[in-house]
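Numbered from 1 within each chain, the chains take letters A, B, ... in sequence-line order.
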Protein chains: 4
Amino acid sequence: MSDFNQKQIEILQVAEQLFAEKGFDGTSIREISKIAKINIAMVSYYFGSKEKLLESLILFRTSDLKLKLENLFDEKVSPLQKIEKFIAFYIEKVNSNKNMYQILNFENSTKKRVLDSAVFTAIKKGNLQTLKNIIKEGQDALVFKKNVNVELITPTILGTYFYFNMNKPFFGEIFNLESENDFNDYVKFHLTKHIQQTVKALLIYEN
Amino acid sequence: MSDFNQKQIEILQVAEQLFAEKGFDGTSIREISKIAKINIAMVSYYFGSKEKLLESLILFRTSDLKLKLENLFDEKVSPLQKIEKFIAFYIEKVNSNKNMYQILNFENSTKKRVLDSAVFTAIKKGNLQTLKNIIKEGQDALVFKKNVNVELITPTILGTYFYFNMNKPFFGEIFNLESENDFNDYVKFHLTKHIQQTVKALLIYEN
Amino acid sequence: MSDFNQKQIEILQVAEQLFAEKGFDGTSIREISKIAKINIAMVSYYFGSKEKLLESLILFRTSDLKLKLENLFDEKVSPLQKIEKFIAFYIEKVNSNKNMYQILNFENSTKKRVLDSAVFTAIKKGNLQTLKNIIKEGQDALVFKKNVNVELITPTILGTYFYFNMNKPFFGEIFNLESENDFNDYVKFHLTKHIQQTVKALLIYEN
Amino acid sequence: MSDFNQKQIEILQVAEQLFAEKGFDGTSIREISKIAKINIAMVSYYFGSKEKLLESLILFRTSDLKLKLENLFDEKVSPLQKIEKFIAFYIEKVNSNKNMYQILNFENSTKKRVLDSAVFTAIKKGNLQTLKNIIKEGQDALVFKKNVNVELITPTILGTYFYFNMNKPFFGEIFNLESENDFNDYVKFHLTKHIQQTVKALLIYEN
DNA sequence: AATGAATGAGTGTTCATTCAT
DNA sequence: CATGAATGAACACTCATTCAT
């Protein structure tokens, strides 16, 4: 799937961690090389530059960001169940790639670097289309109402998750989440359910 | 309200803009001083250090971040209308302070700097309490259902907005928003409505 | 005449010396700052960059490169004497700026950097014109012959000097020149005379 | 004559070109290896080091630098004609090895590297002796005058050429030389003649 | 009260070279 | 015999900060 060797992958993993923790500009190559226990020249040697390291990292993780749901929908399940599965799947995917999403969210907001948005736009559009198909199916089956802004549902799904994640200390205090494990469990069992409830209500309730 | 002089305020405004655009680490004091047309030494002189400049900036803007809704709820309006107002008010506030929120969101995610979270926690808790009061009122009036995770509603409200904002290029393309004005109009008229719909559905619909 | 302060001038002098000795690329900012006993950041601080240091150096010395001969020719002297004076003056000027000429000669040959040749072209053309005027005068007085390629006389004058200078070790051995002083004396008394003889012969002798 | 294999010769040729264009320090092994389409390690492998590559290059070209005039002077020609031939031959040789001379001129001026001057001294002395023989012959035949500094004639011959060459842009403009071909033609037909005229005048004209 | 001058530490990057294979 | 992988040292340059005035 990727043509990075073991050393390169180690560097990418360290970089991912640090970029997520401290931002791209807040992370120095020296720091990466120190933690990854490699020579400082290796980053330039392997990736060309710090910026290209970021690009490589994105490339390395991009395949992980695509939702692979095709087979998920072969089965005979109701649109409602499909929505639930879609959300659970999406949140789980994002949560298990949270470092990468943290990086992308920030670097995307920044006007400094222009990440190759064509790739991401394509992924987003693909995911959006999947969602649209499910909703269309539900609307045709008269289960879902019609006057809903489908494009804004993804912001609600992911935005809820990201906001929760960005304010981890706050919600950690509120919900008494002490470990990374606690956090992940909360996401899996409560946050996901909340988002599912929210979206289902939006799709079903007429107002 | 604040004890910053005119020059300091100018610096803070430039810093806010640049920190939002390029991140804290991606912005140099040189750049700030150049744009603000002040001497480089002035930042350290006025604020002590770059880090303290950020703290001052947060302090300077913090009062803007508090929702001032007290008087809003004196009137006799239904809980549903109150929720709508609350959301509209919240989004409008956040959108008009988006640079500051952009900075806070990122710096908060970062493990590098520990912003004085006591202040923000207090603000967040205050806003949360306001929301809780409204919902309690609606539940008591049997308009809202009971099994809802109130603490996760703010993530839905703000998260939807932030995700939309962070992916401005994507949604700009989808919704054909060409100017900052178009964007603000879309937020005001469509995104706000979507969030209101979503939260109302969640609060009312039983599932 | 120049707007460089004392520290800057010191740096320029050290840079001139080192650039002449080791070439621009062979000289590091570290070395300059060490010898000039200044902080390494000062070069960038004062001049912007290493390349701009070179430009500043050229600017600093450019005025020295112009032949100021005007007053020299007010007097009633023969064209032959004027040629002799011109050559003596030119060689003396070049020899006392030999470091600068060494730098210019090399950097000019190099395709890497394009020194602002407009300035130098102007100087060269000015000097050439001075020479042309003298020769014209001699030709009008029927002292000098006509079929001479005036433009190639400067190459003969300066080229002879530079070749001698570039092969200092060789000629030092041949002529037993042991010190810088010996060298300068040889230039002043013998090389200059040789060049004068050469040019005069060329201008007078018919072949 | 040389024990360099084809690959080594290719490297030497590329190095010669680049050293002439950008100087020794301005040229990186990476660049050489890229253009010569060889592995970076090959330079060190074949030549030991970058510095030794330069030495090898000089060694490789040294034989080209010797004037092979022996057979030229078997014939019954006048000293004047011999001088003319000597100059034409010398200039032609130097011009066709101009890259190498460019390198030597610079690296010789530099105090950084001490090129094995014994070899060059020998060559120069040999060439000088040839010239001396011719001039002696002319003086004995009472064609040339006696009071001439023979050792300074080579500086005049080569210096004129080098100065012309180092200021190619300037003379290109003056003489309207647009291509390398134009330049070479000018050297061959006009510059050479000028130098011949100059030296002949110096040798014949009494002053 | 304000600033120009200056600096040490740190930045990303390139260098020639080495070495295991 | 030849080379891809790797590296320590050095590179030019920028950083936030200090300090004398």
Side-chain angles (χ1 to χ4, degrees), chain A residues 5-8 11 15 24-34 36-54, chain B residues 5 7-8 11 15 24-34 37-54, chain C residues 5-8 11 15 24-34 36-54, chain D residues 5 7-8 11 15 24-34 37-54:
Chain A
N5 65 37
Q6 191 50 39
K7 265 259 148 74
Q8 286 175 307
I11 297 172
F24 179 81
D25 290 310
T27 305
S28 75
I29 284 193
R30 266 164 187 78
E31 212 173 350
I32 295 172
S33 68
K34 204 173 160 188
K37 282 171 191 154
I38 49 133
N39 186 282
I40 194 182
M42 294 231 52
V43 169
S44 290
Y45 173 64
Y46 272 145
F47 301 98
S49 70
K50 190 187 174 190
E51 201 119 334
K52 278 184 192 149
L53 167 64
L54 175 59
Chain B
N5 65 38
K7 208 121 220 183
Q8 286 175 308
I11 297 172
F24 179 80
D25 290 309
T27 304
S28 74
I29 285 192
R30 255 163 196 76
E31 213 173 350
I32 295 171
S33 67
K34 205 173 159 187
K37 283 170 193 156
I38 50 132
N39 187 282
I40 321 172
M42 291 217 55
V43 169
S44 291
Y45 174 65
Y46 273 144
F47 301 98
S49 71
K50 190 187 174 188
E51 202 120 334
K52 279 181 191 151
L53 167 64
L54 176 59
Chain C
N5 64 37
Q6 191 50 39
K7 265 261 151 71
Q8 286 176 307
I11 297 173
F24 179 80
D25 290 310
T27 305
S28 75
I29 284 192
R30 262 164 190 77
E31 214 173 349
I32 295 172
S33 68
K34 204 173 160 190
K37 282 171 191 152
I38 48 132
N39 187 282
I40 194 179
M42 294 232 51
V43 170
S44 291
Y45 173 64
Y46 272 145
F47 302 97
S49 70
K50 191 187 173 189
E51 201 119 335
K52 278 183 192 151
L53 167 64
L54 176 59
Chain D
N5 65 37
K7 208 125 221 179
Q8 285 175 307
I11 297 172
F24 178 81
D25 290 309
T27 305
S28 74
I29 285 192
R30 257 164 194 76
E31 212 173 352
I32 295 172
S33 68
K34 204 173 161 190
K37 282 170 190 156
I38 49 132
N39 187 280
I40 321 173
M42 291 218 56
V43 169
S44 291
Y45 174 66
Y46 272 144
F47 301 96
S49 71
K50 191 188 175 188
E51 201 118 335
K52 279 182 192 150
L53 166 64
L54 175 60

Practice task
Report yes if some heavy atom in the side chain of A/L53 is under 4.5 Å from a heavy atom in the side chain of A/I29; otherwise report no.
Solution key: no

Practice task
Look up atom CD in B/E31 and atom OG in B/S28, then write down how far apart they are to the nearest 0.5 Å.
Solution key: 4.5 Å

Practice task
Provide, to the nearest angstrom, the distance between the CE atom belonging to B/M42 and the P atom belonging to E/dA5.
Solution key: 16 Å

Exercise for the section: Check whether any side-chain heavy atom of B/N5 lies under 4.5 Å from a side-chain heavy atom of B/Q8, and answer yes or no. Expected result: yes

Handout entry: Distance in Å, B/I32 CD1 paired with B/I40 CD1, rounded so as to fall on 0.5 Å steps
Key = 11.5 Å

Practice task
Mind calculating the distance between NZ (C/K34) and P (F/dC11) to the nearest angstrom?
Solution key: 10 Å

Handout entry: 5'-to-3' dot-bracket of DNA chain E (Watson-Crick, G-U; under 3.5 angstrom; crossing pairs as [ ]; | other strand)
Key = .||||||||||||||||||||

Problem - Atom-to-atom span, CZ of C/F47 to P of F/dA12 - whole angstrom - result: 15 Å

Exercise for the section: Name the nucleic acid region contacted by B/Y46, choosing base, sugar-phosphate or nothing; use a 4.0 angstrom heavy-atom cut-off, strictly under. Expected result: sugar-phosphate

Exercise for the section: List the atom of D/R30, the atom of D/S33, and the distance in Å for their closest heavy-atom pair. Expected result: O-OG, 2.9 Å

Problem - Value in whole Å for how far the P atom of E/dA9 lies from CD of A/E31 - result: 18 Å

Handout entry: Side-chain heavy atoms of A/I11 within contact of A/F47, under 4.5 Å
Key = yes

Practice task
Check A/F24 against A/K50 and note the closest heavy-atom contact, atom names and distance.
Solution key: O-NZ, 3.0 Å

Completion exercise
Heavy-atom contacts, protein to nucleotides 14-21 of chain F, under 4.0 Å, summarised as B (base), S (sugar-phosphate only) or - (none) per nt, yield BBBBB---

Exercise for the section: Find out whether A/D25 and B/T27 are in side-chain contact, i.e. whether some heavy atom of one side chain is under 4.5 Å from a heavy atom of the other. Expected result: no

Completion exercise
When rounded to whole Å, the CG to C1' distance for the pair C/L53 and F/dC13 reads 13 Å

Fill in the blank from the handout: Rounded to whole Å, CD1 of C/I11 lies from P of E/dA5 at a distance of 13 Å

